[in-house]
Amino acid sequence: MIYLSEKHIQRLGIDWHRLIDVIRSAVYGMKEEQYSQPIKPYLRYRNLKNRIIAMPAFIGADFNLAGIKWIASFPDNIHKGLPRAHSVTILNDADTGVPVAIINTANISVIRTASVSGLIMEHFFRVRNISSINVGIIGFGPIGQGHLDMCLSLFGERIQNVFIHDLKPINLDELSISEQDKGKLITVEGWQEAYKEADVFITCTVAAEPYINLPPKKGSLQLNVSLRDYTLDIYKYVKNSIFVDDWDEVCREKTDIEMFALHKGLTQEDTHSLVDLVCDNGMERISQEEAIMCNLMGMASFDIAVASHFIICAKQDDIYTDLSLV
C-alpha cells in the first residue's frame, strides 16, 4: 500500500492543467453514470460548528477506484495555531476492494476545489470571450491561496488585478510567486472592494452568516465556494443562472442554495448542473449580461479522481512511502 503525506504532495507539485483534465474526465464519468456517491454524513458533537465529514465514492471511467475522504473542519483551530481542516483519503481497488493507497493531507481538498473552479473558469472565458479580467477573492486561508495559485498559473495573462480580502492581515511577501504576479495583487479592507469590480469573484471564507447583499457585476462569474456568504438579496440577479455540482448535496446544511429554496422557491429544475456546464456547454444558454453563480458543495468522486492523479504521479516519480515495507 502506498502512503502519501503533505510533504510528498509538495514534492510532486501541482500541475493545474493536468488537474483540470482530471476533473473534466470525472465530470464526463458522471454524465456516463460511471460513479456512485452517497450523500455524505456530517458527524457533529459538543461544539456544533465543528464537523467531520465522510465522503465515500466510486468513479469508473479512467479511474476505476473507490474510496473515502474523512475530513474534519474545526474553524476555531486557527486560534490554536492549527489548520482548520485535516483529512485522510483512502483508495480501494474497485474490482477487489483491496486498499491501495492512503493520502494524509487536507491539500487534496484544496487542490480538488481549486481545480473544479479552474475548469468552470475555463468554460466561462470561452463563452464570455473576456481577454482582461479582475479577480476578487475573499478569505485567504489555504483554499483562497490555492485559488490564487490556480488563477495565476492558468489565467495569469488575462488577469489585470486580484483583489484580496481577509479578516486577518495578509502578508503578500510570504507568497511564493513572481514579482510580476505579485504586482497584480491588491489587498482591500472590505469584501465590497473585492466584489464590485470582479469579473470572477471567489468566496473562500468560513462565514457563519451571509453578508453579500450588493448586486454582482453584470456578466460576472460568482464562484460560491464557501456556500454561505450571499444573502437572499442576490437571488433576483442570479435566479436564471445558478449552477450546482450536486443538488441533493448542496441544498442542505444552511447553504445559500438551501436558503434560496426555502425562502425564494428555488427548485432543482431551476438550476443547471456541472455536467450540463462541462459536457453540454450550459453557459452558452445564459445571457451575456447575467451574472453566473456556481455553488460547489464538493464531490467525493472528484476527491477520488484527484487522489488517483497523485498516486500515479507518485509511482512515476518514486515519491511515496511503501507501507508494505514498514
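Proximity of the aromatic rings of F155 and F125 is defined here by a centroid distance below 6.0 angstrom, and this criterion is met. Less than 6.0 angstrom separates the ring centroid of H272 from the ring centroid of F243.
Donor-acceptor pairing under 3.5 Å is recorded for the side chains of N224 and D256. With 3.5 Å as the limit, one finds a donor-acceptor pair spanning the side chains of W16 and D149. For the residue pair N64 and D95, a side-chain donor N or O sits within less than 3.5 Å of a side-chain acceptor on the partner. Of the N and O atoms on the side chains of S220 and Q222, at least one donor lies less than 3.5 Å from an acceptor on the other residue.
Using a 4.0 Å cut-off between a side-chain N of Lys or Arg and a carboxylate O of Asp or Glu, D21 and R24 qualify as a salt bridge. Remark: K254 does not engage E258 in a salt bridge, criterion side-chain N to carboxylate O under 4.0 Å. Using a 4.0 Å cut-off between a side-chain N of Lys or Arg and a carboxylate O of Asp or Glu, D199 and K217 qualify as a salt bridge. Remark: D276 engages R285 in a salt bridge, criterion side-chain N to carboxylate O under 4.0 Å. We find that K49 and D76 are joined by a salt bridge, their nearest charged nitrogen and carboxylate oxygen being less than 4.0 Å apart. A salt bridge does not link K196 with E193: every distance from a Lys NZ or Arg NE/NH1/NH2 to an Asp or Glu carboxylate oxygen is 4.0 Å or more.
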Residues Y320, Y3; criterion side-chain contact (heavy atoms from CB on, under 4.5 Å); working and verdict:
CA-CA 6 Å; Y320 61 89; Y3 172 81; over 6 Å; no

Let me see the working for L296 and S117 under side-chain contact (heavy atoms from CB on, under 4.5 Å), right down to the final yes or no.
CA-CA 9 Å; L296 312 170; S117 294; 4.1 Å; yes

Candidate pair M150 and S115, rule side-chain contact (heavy atoms from CB on, under 4.5 Å), full reasoning
CA-CA 7 Å; M150 176 275 293; S115 297; over 6 Å; no

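Closest approach of I52 to A72, counting heavy atoms only: CG1-CB, 3.9 Å. Nearest heavy-atom pair, P83 versus N77, reported as atom, atom and distance to 0.1 Å: O-ND2, 2.9 Å.
Counted within 6.0 Å of CG on D322, heavy atoms from surrounding residues, nucleotides or ligands total more than 12; the atom is thus considered enclosed.
Between Y195 and F201, the ring planes are perpendicular. Angles over 60° get that label, and only those under 30° would be called parallel.
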